[in-house]
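To start, the structure under review is shown below, and the notes come after it.
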Amino acid sequence: RNRMNRQVCSAIGIAVVIGLFLGLSGCMHYEPVERENINSNKATKGLFIMNEGNFRSGNASLSYYDPDSMKVENYVFYRTNGIKLGDVAQSMTIRDSLGYLVVNNSGIIFVINVNTFQLIGTIRGLVSPRYIHFLSDEKAYVTQIWDPRIYIVNPRTYEITGYIQTDMDFETGSTEQMVQYDKYVFTNCWSYQNRILVIDTETDTVCDEITVGIQPTSLVMDKYNKIWTVTDGGYEGSPYGHEAPSLYCIDAATRKVEKQFKFKFGDWPSEVQLNGTRDTLYFINKAIWRLPVTATNFPVKPFVPYQNTLYYGLTVNPFNSEVYVADAIDYVQDGVILRYSPEGELLDEFYVGIIPGAFCWR
């Protein structure tokens with residue numbers, strides 16, 4: 001994700017990025033506003049939408065959608081807390097009644113009450129956080145794109161307690177999404193990399209790695225403990241190389257690649273997701289595609305056809321397998337979320353913030 005932002009960032013050094021970040025921190029406006037008492041109905045299963053906003057513009061936002069009433073509330077973080085979310089809203093994870101909002105270019109994780117949207121705390125001191133993965137109430141991993149280290153944090157005290165070292169450098173080292181099998185956490189390395197790292201959570205060290213294609217962008221684990229990742233293949237002229245993208249299936253126990261579905265040059269697959277029963281994959285490649293995890297052949301027709309638009313984010317309702325697609329439109333105006341039935345029928349569409357990219361189910 002963040003394809004547009006990432007390619008811009010890949011062309012500049014870490015010193016420049018830090019300088020931009022410091023400059024941004026100084027011009028971010030956290031002025032007080034008249035706060036509102038908004039809440040997400042505790043009886044419903046709702047959807048949070050993280051709207052990235054434009055890189056270096058500080059216009060990220062958080063939306064909340066109630067599928068039962070088909071009602072959307074936009075800018076709920078700003079309206080509730082009187083401060084802006086920041087620069088590039090990357091991901092959100094819920095643990096118990098708390099939501100962890102990872103804001104990449106602002107280097108911060110906001111912690112909110114998912115029922116009231118009220119700010120509870122912040123995790124600061126991060127360089128470029130991407131995703132958070134919980135090991136316990138007092139230990140979590142936070143991946144970074146402009147820091148080859150994975151940060152260890154205490155979610156209870158909001159403190160950084162340590163780091164997991166990798167052998168990558170600061171200019172090209174990155175870690176992204178995380179899945180866990182037994183005591184091992186797997187994370188894909190996106191920026192100029194072709195591997196998935198394996199972390200021993202007892203020692204907080206990298207104990208193994210799995211080689212895949214160039215630049216793996218997503219990571220999920222199905223009901224059979226098979227890890228799925230899709231690569232973007234890099235780009236023409238990249239110093240790291242350029243190849244056709246692929247979808248990989250990896251056994252978590254043996255760490256061996258079991259299946260590989262190859263795409264053609266010019267394709268840009270992304271956003272691999274699973275349904276609630278974790279037996280069906282969904283992903284974006286211009287259109288929206290669906291693939292049973294047991295499949296040996298690629299589907300002939302897409303789940304949702306390409307409609308000359310910009311599908312940017314994707315999620316599947318874990319309770320009823322409805323599919324939600326984020327359309328970033330032109331990266332400038334407010335984006336649209338399209339809600340489809342499991343049969344591909346359009347059920348609803350609603351506007352959210354600029355560049356909707358990440359989802360989190362409550």
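Throughout, residue positions are numbered sequentially from 1 according to the sequence presented.
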Check D334 against I329 and note the closest heavy-atom contact, atom names and distance.
O-CD1, 3.3 Å

What are the two closest non-hydrogen atoms of P342 and N320, and how far apart are they?
CG-O, 3.5 Å

Cluster link Y340 to I337, ILVMFWY, side chain under 4.5 Å:
no

State, with a plain yes or no, whether a side-chain heavy atom of Y192 is found less than 4.5 Å away from one of S238.
yes

Is the shortest distance from a Lys or Arg side-chain nitrogen in K256 or E258 to a carboxylate oxygen in the other one below 4.0 Å?
no

Salt-bridge test for D200 and K183: reply yes if a basic N is under 4.0 Å from a carboxylate O, no otherwise.
yes

Would T254 and D251 count as a side-chain hydrogen bond (donor to acceptor under 3.5 Å, both in side chains) if you check the C-alpha gap in whole Å, the side-chain angles of each, and the deciding distance to 0.1 Å?
CA-CA 6 Å; T254 65; D251 184 83; 3.1 Å; yes

Looking at R124, is its backbone amide N or carbonyl O close enough to the side chain of T122 to form a donor-acceptor pair, meaning the two atoms are under 3.5 Å apart?
no

Determine whether a donor-acceptor pair (N or O, by modelled atom type, separation under 3.5 Å) exists between the side chain of R278 and the backbone of M221.
yes

Go through the steps to decide whether V127 and F170 satisfy the test side chain to side chain contact (heavy atoms under 4.5 Å, CB included), and finish with yes or no.
CA-CA 11 Å; V127 173; F170 274 83; 6.0 Å; no

Please name the pair of heavy atoms, one in G213 and one in P216, separated by the smallest distance, quoted to 0.1 Å.
O-CD, 3.8 Å

side-chain hydrogen bond (donor to acceptor under 3.5 Å, both in side chains), that's the test. Do Y141 and D204 meet it? Break it down for me.
CA-CA 10 Å; Y141 290 159; D204 296 325; 2.5 Å; yes

Test item: S61 side-chain N/O and G353 main-chain N/O as donor-acceptor pair under 3.5 Å
no

Once rounded to the nearest 0.5 Å, what's the spacing between atom OH of Y158 and atom CD1 of I123?
8.0 Å

Is there a donor-acceptor pair under 3.5 Å between the side chain of D87 and the backbone N or O of S106?
no

Looking at Y235 and P239, what are the two nearest heavy atoms and their distance?
OH-CD, 4.0 Å

Between Y311 and E271, is the side-chain hydrogen bond (donor to acceptor under 3.5 Å, both in side chains) condition met? List the steps.
CA-CA 10 Å; Y311 294 144; E271 296 299 300; over 6 Å; no

Candidate pair Q193 and E176, rule side chain to side chain contact (heavy atoms under 4.5 Å, CB included), full reasoning:
CA-CA 11 Å; Q193 302 288 332; E176 290 283 308; over 6 Å; no

Okay, side chain of K259, backbone of A295: is any donor-acceptor separation there less than 3.5 Å?
yes

Under 3.5 Å donor-acceptor, Q144 side chain and Y151 backbone
no

Would you call D267 and K286 a salt bridge, using N to O less than 4.0 angstrom?
no

Here the pair of heavy atoms bringing P269 nearest to T231 is CG-O, 3.6 Å

Test: R255 cationic atom under 6.0 Å from Y184 six-membered ring centre, within 45° of axis
yes

Within the distance-only criterion (no hydrogens, no angle test), does the side chain of N105 pair as donor or acceptor with the backbone N or O of R56 below 3.5 angstrom?
no

So which atom in G234 and which in Q215 form the shortest heavy-atom distance, rounded to 0.1 Å?
CA-NE2, 3.8 Å

Would you mind reporting whether I160 and L126 have side-chain heavy atoms less than 4.5 Å apart?
yes

With the side chain counted from C-beta on, respond yes when D96 and D137 share a heavy-atom pair under 4.5 Å apart, and no when they do not.
yes

Side chain proximity check, F48 to V114, heavy atoms < 4.5 angstrom
yes

Could you tell me whether the side chain of V206 reaches within less than 4.5 Å of the side chain of I164, counting heavy atoms only?
yes

Keeping S128 on the side-chain end and I145 on the backbone end, is there a donor-acceptor pair under 3.5 Å?
yes

Find out if a path of hydrophobic residues (ILVMFWY) with successive side-chain heavy-atom gaps under 4.5 Å connects F117 to M50.
yes

Hey, are the side chains of L219 and M178 touching, using non-hydrogen atoms and a 4.5 Å cut-off?
no

With no hydrogens and no angle check, is any side-chain donor or acceptor of T166 less than 3.5 Å from a backbone partner on P148?
yes

Mutual orientation of the aromatic rings belonging to H242 and F265 [parallel < 30°, tilted 30-60°, perpendicular > 60°]:
perpendicular

Does CD belonging to E236 count more than 12 external heavy atoms closer than 6.0 Å?
no

Give the ring-plane orientation class for Y324 versus W361, where under 30° counts as parallel, over 60° as perpendicular and anything between as tilted.
perpendicular

Would you call D66 and K71 a salt bridge, using N to O less than 4.0 angstrom?
no

Student check: side-chain heavy atoms of S63 and N74 closer than 4.5 Å:
yes

Here the gap from R362 atom CZ to K45 atom NZ, rounded to the nearest 0.5 Å, amounts to 9.5 Å

Would you say Y240 has more than 12 foreign heavy atoms packed within less than 6.0 Å of its OH?
yes

Parallel, tilted or perpendicular: which fits the ring planes of F283 and F298, with parallel below 30° and perpendicular above 60°?
tilted

Is it the case that the side chain of T93 and the backbone of Y100 share a donor-acceptor pair, with hydrogens and angles ignored and the cut-off at 3.5 Å?
no

Does a donor on one side chain and an acceptor on the other come within less than 3.5 Å for D327 and T309?
yes

How long is the straight-line distance from CD of Q273 back to CZ of F359, given to the nearest 0.5 Å?
8.5 Å

Flag the pair L135 / Q180 as yes when at least one side-chain heavy-atom distance between them is below 4.5 Å, and no otherwise.
yes

In terms of hydrophobic clusters joined by side-chain contacts under 4.5 Å, are I38 and F110 together?
yes

